[in-house]
Protein chains: 2
Amino acid sequence: MVATKPAKAPAMPLDIAPIENVPLRVQVAEQLRSAILSGRLRPGTSLVETALAEQMNVSRTSIREAIQLLENDGLVESIAYKGKRVKPLTEREVAETYSLREVFEVMAVRRILENGAPLHQLRVHCDAMTDAAARGDFEGLVAADEAFHHSVIELADHALLLASWKSLYMRIHQIMALRNRDERNLEEVAGNHPPIVDALAAGDTDLAVRLISEHTQTLATFDPATIAQDP
Amino acid sequence: MVATKPAKAPAMPLDIAPIENVPLRVQVAEQLRSAILSGRLRPGTSLVETALAEQMNVSRTSIREAIQLLENDGLVESIAYKGKRVKPLTEREVAETYSLREVFEVMAVRRILENGAPLHQLRVHCDAMTDAAARGDFEGLVAADEAFHHSVIELADHALLLASWKSLYMRIHQIMALRNRDERNLEEVAGNHPPIVDALAAGDTDLAVRLISEHTQTLATFDPATIAQDP
DNA sequence: TGTTTATGGATTGTCGACAACACACAACCG
DNA sequence: CGGTTGTGTGTTGTCGACAATCCATAAACA
């Protein structure tokens with residue numbers, strides 16, 4: 001075996017886009033998930049397999065399996081022989097979701113401070129948030145905020161934590177989409193993050209934990225009326 | 001409507017066991033899950049739908065859906081168009097599982113101390129552990145230990161936390177089944193728990209957190225060789 | 001009239017058959 | 001001999017049809 005080349009030398013180095021083979025159930029799941037997370041499918045809406053199958057022009061099997069995928073995400077609940085529906089969101093569930101998120105993020109912060117991690121990416125996201133806030137770009141701010149927290153979890157270098165956080169954050173997405181976007185001060189939200197990075201850089205565990213904890217709690221406020229669900 | 005009776009008066013008050021209608025996929029999932037958690041199906045074992053369908057005498061559909069249920073539990077992983085197999089257990093995953101469990105239990109302890117909760121049940125489980133240890137009953141000790149920790153989580157009164165913990169604890173079950181039962185001192189394991197209850201009763205947050213934290217970490221020790229998987 | 005028993009429609013659950021796919025190995029050609 | 005191109009086999013993916021179940025409403029009965 002010649003060692004100068006990496007095992008396989010492609011005859012055509014041109015990087016043609018690889019056509020990916022995504023199973024139907026996954027495509028269906030993505031569409032439905034997007035609809036739920038964006039609030040187009042409200043909590044309580046019943047999901048009828050036959051109807052969806054016809055509507056999306058796929059077999060009922062694919063719909064079925066897609067819905068089961070959403071069940072794993074905790075976005076759909078099903079009662080045997082009765083039906084499946086978008087999981088209703090109770091006030092209690094919202095509170096639990098945010099409290100668990102807080103624990104996740106605090107855990108991440110602790111791990112980052114224990115094991116060390118490059119903080120550059122966090123600063124990039126902070127800047128993105130500041131820019132978005134300056135532009136009055138709400139969507140951009142939200143996206144950058146998610147990217148920031150996602151990075152925090154990633155830096156903790158804990159695959160299970162990351163997976164759990166992602167699953168949890170989905171519901172947070174949904175909640176945020178359902179609630180009237182209370183136009184709180186964009187600048188303020190953006191400004192909340194740099195101190196967290198600073199505390200991490202300074203190695204100040206207590207401060208970092210307190211800041212991230214307060215921050216996640218802040219966003220947990222919500223108005224129950226805004227997440228009323230369909231029967 | 002007459003108000004003296006609760007809506008429906010059963011003609012036969014005899015409490016006959018209601019024959020429950022469990023979907024096939026669930027029965028299949030329970031069997032497979034039990035096999036995985038007990039170590040009869042080792043990590044890495046590939047699960048072939050057709051084979052299982054014939055073996056268990058149900059349609060491939062039911063097997064398929066059952067396996068997807070196990071995927072939700074994180075016990076099975078699947079690669080599209082290639083196959084499904086019992087999720088391999090890496091040393092890292094084991095460590096992550098136990099560290100996340102620690103965070104869950106610490107969270108539970110904190111909540112119990114904040115909101116208050118009756119501790120009677122915990123004492124009962126402690127006694128059961130002591131008894132089992134005195135009898136040299138390993139199985140009994142493990143069962144009581146799980147019951148104790150389950151109760152701790154339940155007392156935290158947090159449905160999402162409880163669900164997450166249950167899912168996580170499944171893997172701990174699996175790990176314990178796979179590892180050579182290192183006959184550590186039964187009395188010692190049993191003795192670790194009452195101080196936790198005492199700290200809870202005394203309202204000593206720091207001590208309770210430290211005790212539960214140390215306790216979960218203790219059990220995280222394992223020998224990688226004992227969880228070697230099949231190809 | 002009040003209670004029980006059919007009956008119908010809507011929905012999920014289960015099935016067997018066929019299609020799509022990935023991989024390994026044989027056949028072919030320079 | 002090296003590399004490419006068929007071909008076969010085992011697996012998952014998708015489908016449409018039928019069975020089981022639940023619920024509401026109507027019919028039958030005392």
Side-chain angles (χ1 to χ4, degrees), chain A residues 1-13 18-32 44-71 76-87 230-231, chain B residues 1-13 18-32 44-71 76-87 230-231:
Chain A
M1 186 189 290
V2 184
T4 51
K5 286 184 180 179
K8 286 184 181 178
M12 190 193 287
I19 71 166
E20 37 194 297
N21 195 348
V22 184
L24 261 185
R25 60 165 183 271
V26 175
Q27 298 182 44
V28 172
E30 277 169 0
Q31 280 210 34
L32 290 179
T45 307
S46 71
L47 302 173
V48 179
E49 295 170 359
T50 329
L52 287 173
E54 192 165 356
Q55 191 173 336
M56 303 183 72
N57 201 36
V58 296
S59 132
R60 199 161 71 85
T61 307
S62 302
I63 299 285
R64 234 178 124 67
E65 299 196 339
I67 288 182
Q68 222 185 349
L69 288 177
L70 297 179
E71 247 180 291
V76 169
E77 90 183 347
S78 95
I79 307 163
Y81 293 103
K82 282 238 210 139
K84 332 226 176 190
R85 58 176 180 173
V86 181
K87 204 173 189 179
D230 301 351
Chain B
M1 186 189 293
V2 183
T4 52
K5 287 184 182 181
K8 285 183 181 179
M12 190 193 290
I19 70 164
E20 33 194 298
N21 194 347
V22 184
L24 261 186
R25 60 165 185 271
V26 176
Q27 297 182 43
V28 171
E30 277 169 0
Q31 280 211 31
L32 290 179
T45 307
S46 73
L47 302 173
V48 180
E49 295 170 359
T50 12
L52 287 173
E54 192 164 356
Q55 191 174 335
M56 303 184 72
N57 201 35
V58 295
S59 131
R60 199 161 71 84
T61 307
S62 302
I63 299 286
R64 230 178 127 68
E65 299 197 338
I67 287 182
Q68 222 186 350
L69 288 177
L70 296 180
E71 249 180 288
V76 169
E77 90 184 345
S78 94
I79 307 165
Y81 290 105
K82 282 237 210 143
K84 331 223 177 193
R85 59 177 180 174
V86 181
K87 204 174 190 177
D230 301 351

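Every chain is numbered from 1, with letters handed out A, B, ... down the list of sequences. Keep in mind that the numbers below use all heavy atoms, side chains included, and drop hydrogens, waters and symmetry copies.
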#### Entry: Per-nucleotide protein contact string for nucleotides 15-22 of chain C, where B marks a base within reach and S marks sugar-phosphate only (heavy atoms under 4.0 Å, - for neither)
BBB---SS

Could you pull out all residues at least two apart from [X] that satisfy side-chain contact (heavy atoms from CB on, under 4.5 Å)?
X     : answer
A:Q31 : A:M56
A:E77 : A:R85, A:K87, A:P88
B:L24 : B:Q27, B:V58, B:S62

Return the set of residues passing side chain to side chain donor-acceptor pair (under 3.5 Å) with [X] (not counting sequence neighbours), or none when no residue passes.
X     : result
B:E65 : A:R64, B:R25
B:R60 : B:E49
A:S59 : A:T61

Just checking [X]: base, sugar-phosphate only, or nothing, at a heavy-atom cut-off of under 4.0 Å?
X     : result
A:T50 : base
B:I67 : nothing
A:I63 : nothing

Atom pairs, N/O to N/O, protein against nucleotides 6-8 of chain C, distance under 3.5 Å?
none

### Query
Taking OP1 and OP2 of D:dT12, is either one under 4.0 Å from a side-chain nitrogen or oxygen of B:R64?
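For B:R64, the contact criterion (side-chain N or O under 4.0 Å from OP1 or OP2 of D:dT12) is not met.
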
### Query
Who passes salt bridge (Lys or Arg N to Asp or Glu O under 4.0 Å) against A:E71, sequence neighbours left out?
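Scan of A:E71 (salt bridge (Lys or Arg N to Asp or Glu O under 4.0 Å), adjacent residues dropped) gives none.
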
### Minimum heavy-atom distance between B:P23 and A:A80, given as atom pair plus value
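Nearest heavy atoms, B:P23 then A:A80: CG-CB, 4.3 Å.
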
### Query
Between B:I79 (CD1) and D:dG13 (P), how many Å, whole number?
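Those two atoms, CD1 and P, are 11 Å apart.
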
### Nearest-angstrom distance from the residue atom CD of A:Q68 to C1' of C:dT12
13 Å

